[in-house]
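So the structure is just underneath, and the comments pick up after that.
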Amino acid sequence: MNHSARAFWLRSPGHGELRDVTLAAPAEDEVLVRALYSGVSRGTETLVFRGGVPESQHTVMRAPFQEGDFPAPVKYGYLSVGVVEEGPAALVGRTVFCLYPHQSRYVVPVSAVTVVPERVPAGRAVLAGTVETAVNAVWDATPLLGDRIAVVGGGMVGCSVAALLARFPGVRLQLVDADPARAKTAEALGVDFATPADALGDCDLVVHASATEAGLTRALQLLAPEGTVVELSWYGDRQVTLPLGEAFHSRRLTVRGSQVGTVSPAARSGRTYADRMALALDLLADPALDALITGESAFEELPHVMPQLASGGIPALCHRIRYTETGLT
């Protein structure tokens with residue numbers, strides 16, 4: 001069995017490269033996975049690519065199988081789907097999701113992979129990590145039937161949250177983004193769309209995911225008295241100023257942080273990380289979520305593609321990376 005691979009590394013901020021890797025044979029409790037697809041989340045991953053992780057967050061921001069340290073050189077990523085080539089008989093030949101960086105083959109503990117349901121295509125399963133974040137955010141947000149809700153920020157995470165909230169009966173839901181082109185994505189997800197200027201106010205709940213000061217300010221403006229903003233944005237090393245004077249206190253508004261690093265305390269007692277990931281993969285049976293995958297490139301092109309994703313030269317929600325046998329070794 002072939003135990004060689006290639007991996008994408010951030011050599012220095014703004015500069016990536018592919019490196020050869022020699023893998024150890026998997027132990028009894030490990031699997032060898034051959035990658036089929038990985039995904040680039042344009043938010044967190046491009047922030048890492050630019051070298052924007054603040055020093056205080058270097059430990060918190062580590063990916064499960066990251067190698068190296070921020071700002072660089074570092075091997076970073078967390079959306080990988082592949083086929084098990086070696087391991088327990090029950091897993092060999094199965095398609096699995098793993099929170100692993102961009103690499104053509106890799107060896108991980110059995111506990112690190114989640115079997116992708118047969119009804120979920122491998123190419124869509126790269127969204128599992130982001131939908132998992134959305135699941136945790138919805139748990140944190142605790143929406144109620146009939147709530148008036150806005151999701152501000154139509155990026156990969158915001159759209160995932162909107163797709164899940166659209167399943168709640170009786171809610172008034174809008175996806176709010178400054179880019180009118182996001183209206184097509186919202187339509188594909190079955191969600192109403194509005195620009196910030198036209199968004200409906202008097203919201204009980206606003207989920208903010210635009211990673212901009214203007215977006216968070218607008219999220220506060222959209223709230224009804226006693227309303228809550230659930231903040232999902234990751235700002236990296238940027239400072240954010242908020243209008244906490246004016247009517248913030250008199251209207252008794254709340255800003256609450258949400259982060260996928262821990263299972264939401266609002267989830268039913270006993271829910272584990274594995275439970276959350278399995279739920280995310282099950283939710284990906286919905287073909288509407290294909291709208292979140294906005295482009296695809298070959299793995300060999302990744303050193304040239306990442307700078308374009310980071311600069312916005314390639315507009316993207318999730319950009320999918322395709323692995324082929326010729327590019328594996």
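Quick note: numbers below take in every heavy atom, side chains included, and nothing from hydrogens, waters or symmetry partners.
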In chain order, what residues pass the side-chain hydrogen bond (donor to acceptor under 3.5 Å, both in side chains) check against His102, with sequence neighbours excluded? Ser38, Glu45

Scan for salt bridge (Lys or Arg N to Asp or Glu O under 4.0 Å) pairs involving residues 65-76, sequence neighbours excluded, and state none if there are none. Arg62-Asp69, Glu67-Lys75

Just verifying a value: how many Å separate Ile321 CD1 and Glu300 CD, rounded to the nearest 0.5 Å? 10.0 Å

To the nearest 0.5 Å, atom CG of Asn136 lies from atom OH of Tyr273 at 8.5 Å

Between Asp198 and Thr195, is there a donor-acceptor pair closer than 3.5 Å when you use the side chain of the first and the backbone of the second? no

To the closest 0.5 Å, what do you measure between CG (Leu18) and CZ (Arg6)? 4.5 Å

Donor-acceptor contact present, side-chain Gln174 to main-chain Val176, <3.5 Å: no

Distance, nearest 0.5 Å, that separates CH2 of Trp9 from CG of Leu302: 14.5 Å

Sub-3.5 Å donor-acceptor pair from the side chain of Arg94 to the main-chain atoms of Val115, do we have one? no

Without swapping roles, check the side chain of Gln308 against the backbone of Gly313 for a donor-acceptor pair under 3.5 Å. no

Would a distance-only check, ignoring hydrogens and angles, find a side-chain to backbone donor-acceptor pair under 3.5 Å from Asp204 to Ala224? no

Within this structure, what is the CE-CD distance for the pair Met277 and Glu132, rounded to the nearest 0.5 Å? 3.5 Å

Are the side chains of Leu165 and Val191 in contact, using a 4.5 Å heavy-atom criterion? no

Minimal non-hydrogen separation, Ala267 against Trp139, with atom names: CB-CE3, 3.5 Å

Please, which pairs that meet ring pair (Phe, Tyr, Trp, His ring centres under 6.0 Å) have at least one residue in residues 37-58, sequence neighbours excluded? His58-Phe70

Atom pair OG1 (Thr241) and CG (Leu216), whose distance is rounded to the nearest 0.5 Å: 10.5 Å

